[in-house]
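Here the structure is a predicted model, which means the values were calculated and not measured.
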Amino acid sequence: MSARDVHTIIAEDAEDAATHVAQLLANAAAAGEEVALTGGSTPGRAYELAAELEPDWSRAGVWWGDERCVPPDDERSNFGLAKQTLLDRLKAQPRRLARIRGEDEPTAAAAAYERELAGTRLDFVLLGLGPDGHVASLFPNSPGLDERERLVIPAEAGLEPYVERVTLTPPPLRASRLIVFLVSGETKADAVARALAGPPDPAVPGSLIRSEGGETRAVLDRAAAARLRN
């Protein structure tokens with residue numbers, strides 16, 4: 001299976017993949033772009049390397065594609081991950097730091113973040129990919145995949161950790177000038193094949209997210225790319 005509408009970069013291993021994405025993040029920060037970060041198990045190393053490559057993020061805006069509904073110092077917080085691996089390592093903080101308030105009631109947190117995001121077009125969206133094919137907190141066959149009006153919604157978790165979520169909807173994700181999937185590990189190989197090479201399918205949310213006016217890339221280690229072909 002070959003990727004559909006996605007420029008695919010195959011890295012030797014997870015460290016190589018993180019290094020590639022770190023350079024993209026550093027470039028975006030230096031250019032003063034609006035960058036949406038992701039959580040999960042994969043991006044932390046990329047954030048560490050990005051802080052080394054570009055320690056001055058004072059021209060950039062930083063957003064999140066989704067958040068777990070926990071306080072920012074909770075180990076499950078996407079903001080907390082970025083704070084430890086990226087923000088705390090910078091010499092100059094982003095000019096705009098738009099955190100989803102995971103400690104608030106989910107509907108209220110989603111409404112507040114929508115007001116903050118309104119009028120902003122993201123330049124760079126970094127996404128992971130779950131083994132079930134989910135992206136952000138858009139899980140298989142979830143109602144949020146059909147959302148066309150709202151930018152941010154509350155969502156239920158389809159995988160651990162089973163806490164409520166707040167997530168961007170497909171429209172602001174697709175509007176980004178650059179979408180980058182960062183995926184590593186053999187446990188993601190099937191999801192990668194279905195999301196990047198399969199037909200658009202709400203059972204595989206990653207298959208529905210492509211940049212509508214820009215570019216979509218996937219940075220994969222060899223294990224994650226095992227079921228793709230050139």
Side-chain angles (χ1 to χ4, degrees), residues 5-6 21 24-40 43 46-47 50 54 56-72 77-83 86-87 90 92-128 134-139 142-155 164-182 205-206 208-217:
D5 302 326
V6 180
V21 169
L24 296 177
L25 287 168
N27 292 347
E33 295 185 354
E34 301 290 338
V35 179
L37 302 178
T38 188
Y47 297 159
E54 178 52 78
D56 181 356
W57 283 52
S58 61
R59 291 190 292 171
V62 173
W63 305 79
W64 274 261
D66 72 314
E67 182 57 277
R68 287 88 177 262
C69 291
V70 296
S77 168
N78 290 344
F79 170 80
L81 170 71
K83 183 177 186 297
L86 174 65
L87 299 174
L90 298 177
Q93 291 295 304
R95 58 171 171 74
R96 185 178 196 179
L97 189 61
R99 178 177 75 85
I100 299 172
R101 291 183 57 85
E103 67 271 33
D104 292 351
E105 189 277 326
T107 299
Y113 208 59
E114 175 148 347
R115 289 192 295 271
E116 190 165 9
L117 182 61
T120 298
R121 180 184 178 186
L122 298 170
D123 297 298
F124 184 133
V125 169
L126 180 62
L127 294 173
H134 83 267
V135 291
S137 283
L138 297 168
F139 290 92
S142 63
L145 293 170
D146 296 322
E147 183 60 53
R148 297 294 180 267
E149 300 297 326
R150 290 178 294 175
L151 304 177
V152 188
I153 57 172
E164 291 182 278
R165 315 289 183 96
V166 173
T167 185
L168 269 60
T169 59
L173 297 176
R174 293 175 181 142
S176 177
R177 293 177 174 85
L178 175 63
I179 295 173
V180 176
F181 290 91
L182 171 60
L208 304 178
I209 304 301
R210 302 289 189 272
S211 176
E212 293 180 335
E215 182 183 2
T216 304
R217 301 182 194 176

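Contact of the Leu25 side chain with the Leu37 side chain is registered, since non-hydrogen atoms from C-beta on lie closer than 4.5 Å. The shortest side-chain heavy-atom distance between Phe181 and Val135 falls under the 4.5 Å cut-off. In this structure the side chain of Trp63 never reaches within 4.5 angstrom of the side chain of Ile100, judged on heavy atoms. Residues Ser58 and Arg95 form no side-chain contact, since every pair of their non-hydrogen atoms from C-beta on lies 4.5 Å or further apart. Here the side chains of Ser77 and Glu67 are in contact, with some heavy-atom distance below 4.5 Å. Using a 4.5 Å cut-off on side-chain heavy atoms (C-beta onward), Leu173 and Leu138 make contact. Taking 4.5 Å as the limit, some side-chain heavy atom of Tyr113 sits within range of a side-chain heavy atom of Leu168. At least one side-chain heavy atom of Val125 sits under 4.5 Å from a side-chain heavy atom of Leu127.
In terms of heavy-atom proximity, Leu24 sits nearest to Arg217 at CD2-NH1, 3.3 Å. Of all heavy-atom pairs between Leu126 and Leu182, the closest is CD1-CB, 4.0 Å. Across all their heavy atoms, Trp64 and Asn78 have their closest contact at NE1-O, 3.5 Å. When every heavy atom of Val166 is checked against every heavy atom of Ala109, the shortest pair comes out as CG2-CB, 4.1 Å. When all heavy atoms of Phe79 and Pro72 are compared, the pair lying nearest together is CD2-CB, 3.7 Å. Here the shortest heavy-atom pairing between Ile153 and Ala110 reads C-CB, 3.7 Å.
Using a distance-only test at 3.5 Å, with no hydrogens or angles considered, a donor-acceptor pair links the side chain of Arg148 to the main chain of Asp146. Ser211 places a side-chain N or O within 3.5 Å of a backbone atom of Ser176 that can act as its donor or acceptor partner. Within the 3.5 Å criterion, the main-chain N or O of Leu208 finds a donor-acceptor partner in the side chain of Arg174. A donor-acceptor contact shorter than 3.5 Å links the side chain of Thr169 to the backbone of Leu151.
From Ile209, atom CD1 reaches atom CD1 of Ile179 across 6.5 Å, with rounding to the nearest 0.5 Å. The CZ atom of Arg165 sits 6.0 Å away from the NE2 atom of His134 when rounded to the nearest 0.5 Å. Atoms CG and OG1, from Asp123 and Thr120 in turn, are 9.5 Å apart once rounded to the nearest 0.5 Å.
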Step-by-step side chain to side chain donor-acceptor pair (under 3.5 Å) determination, Gln93 to Trp57: CA-CA 5 Å; Gln93 291 295 304; Trp57 283 52; over 6 Å; no
Side chain to side chain contact (heavy atoms under 4.5 Å, CB included) between Val152 and Thr167, intermediate numbers included: CA-CA 6 Å; Val152 188; Thr167 185; over 6 Å; no
Residues Arg150, Glu114; criterion side chain to side chain contact (heavy atoms under 4.5 Å, CB included); working and verdict: CA-CA 8 Å; Arg150 290 178 294 175; Glu114 175 148 347; 3.7 Å; yes
Working for side chain to side chain contact (heavy atoms under 4.5 Å, CB included), residues Leu97 and Leu87: CA-CA 10 Å; Leu97 189 61; Leu87 299 174; 4.0 Å; yes
Residue pair Asp66, Ser137: steps toward the side chain to side chain donor-acceptor pair (under 3.5 Å) verdict: CA-CA 6 Å; Asp66 72 314; Ser137 283; 2.6 Å; yes
Salt bridge (Lys or Arg N to Asp or Glu O under 4.0 Å) assessment of Glu105 paired with Arg101: CA-CA 9 Å; Glu105 189 277 326; Arg101 291 183 57 85; over 6 Å; no
Trace of the salt bridge (Lys or Arg N to Asp or Glu O under 4.0 Å) decision for Glu215 with Arg210: CA-CA 8 Å; Glu215 182 183 2; Arg210 302 289 189 272; over 6 Å; no
Side chain to side chain contact (heavy atoms under 4.5 Å, CB included) evaluation trace for Leu178 with Leu122: CA-CA 8 Å; Leu178 175 63; Leu122 298 170; over 6 Å; no
